[in-house]
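One structure is given below, encoded as structure tokens.
All residue numbers in this chain count up from 1 along the given sequence. These numbers come from a predicted model, not from an experiment.
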Amino acid sequence: QVQLVASGGGLVQPGGSLRLSCAASRSIFSINTRGWYRQAPGKERELVASITSGGSTNYADSVKGRFTISRDDAKNTVYLQMNSLKSEDTAVYYCYVRDVVRGMKYWGKGTLVTVSS
């Protein structure tokens with residue numbers, strides 16, 4: 001079992017920045033992907049960004065150039081640096097770990113990001 005704790009959400013003005021963190025309760029040893037989904041009011045959940053254990057990243061087109069995902073395996077933590085935030089980024093953000101070898105996926109509780117003036 002892996003528990004994930006997400007933090008860093010809050011209220012920010014358009015053009016501002018936030019950094020989300022997702023800490024895992026233990027080290028991830030197998031081939032894996034970590035990342036973030038978000039769900040805005042009235043919309044389906046969408047993948048925002050992901051990073052593999054090899055360091056390959058993937059971003060939704062809507063956040064490319066503004067968001068950066070990174071991981072610090074020494075701290076069992078993945079980050080999402082969000083810059084130039086827009087009102088459209090308002091959503092609950094959920095972090096996850098996908099264990100490719102075991103075919104399991106773990107989710108953290110969401111953290112709310114609100115972008116408003």
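Taken from CG in Leu85 to CD in Gln13, the straight-line distance is 11.5 Å, to the nearest 0.5 Å. Residue Asp99 holds its CG atom at 6.0 Å from OH of Tyr106, rounded to the nearest 0.5 Å. In this structure, CZ in Arg71 is found 7.0 Å from OG1 in Thr52, a value given to the nearest 0.5 Å. Rounding to the nearest 0.5 Å gives a distance of 10.0 Å between CD1 of Ile31 and CZ of Arg98. Once rounded to the nearest 0.5 Å, the distance linking NZ of Lys105 with OG1 of Thr33 reads 9.0 Å. Distance check, rounded to the nearest 0.5 Å: CG of Leu47 to CH2 of Trp36 gives 12.5 Å.
The two residues Ser17 and Asn83 come nearest to each other via the heavy atoms OG-OD1, 2.9 Å. Taking every heavy atom of both residues into account, Ser117 and Pro14 meet most closely at N-CD, 3.7 Å. The heavy-atom pair separating Ala6 from Thr111 by the smallest distance is CB-CG2, 4.3 Å.
The salt bridge (charged side-chain N to carboxylate O under 4.0 Å, His left out) test applied to Arg38 returns Glu46, Asp89, not counting sequence neighbours.
Note on Val2: it does not cluster hydrophobically with Tyr94, by side-chain heavy-atom contacts below 4.5 Å among ILVMFWY residues. Hydrophobic cluster membership differs between Tyr79 and Tyr96, with clusters built from Ile, Leu, Val, Met, Phe, Trp and Tyr side chains linked at under 4.5 angstrom. Taking hydrophobic clusters as Ile, Leu, Val, Met, Phe, Trp and Tyr residues chained together by side-chain heavy-atom distances below 4.5 Å, Val92 does not share a cluster with Leu80. Transitive grouping of hydrophobic side chains (ILVMFWY, heavy atoms separated by less than 4.5 Å) brings Tyr59 and Tyr93 into a common cluster. No chain of hydrophobic side-chain contacts below 4.5 Å, direct or via other Ile, Leu, Val, Met, Phe, Trp or Tyr residues, connects Val78 to Leu4.
When each of Asn58, Leu20, Val48, Ile51 is paired with Ile69, the side-chain contact (heavy atoms from CB on, under 4.5 Å) condition holds for Ile51 and for no other.
Using cut-offs of 30° and 60° on the angle between ring planes, the pair Tyr37 and Trp107 is tilted.
Counting heavy-atom neighbours within 6.0 Å of Leu112 CG, excluding the residue itself, gives a total above 12.
Side-chain contact check for Arg34 versus Cys22: some heavy-atom pair is nearer than 4.5 Å. Taking the side chain as every heavy atom from C-beta outward, Ser116 and Leu11 approach each other to under 4.5 Å.
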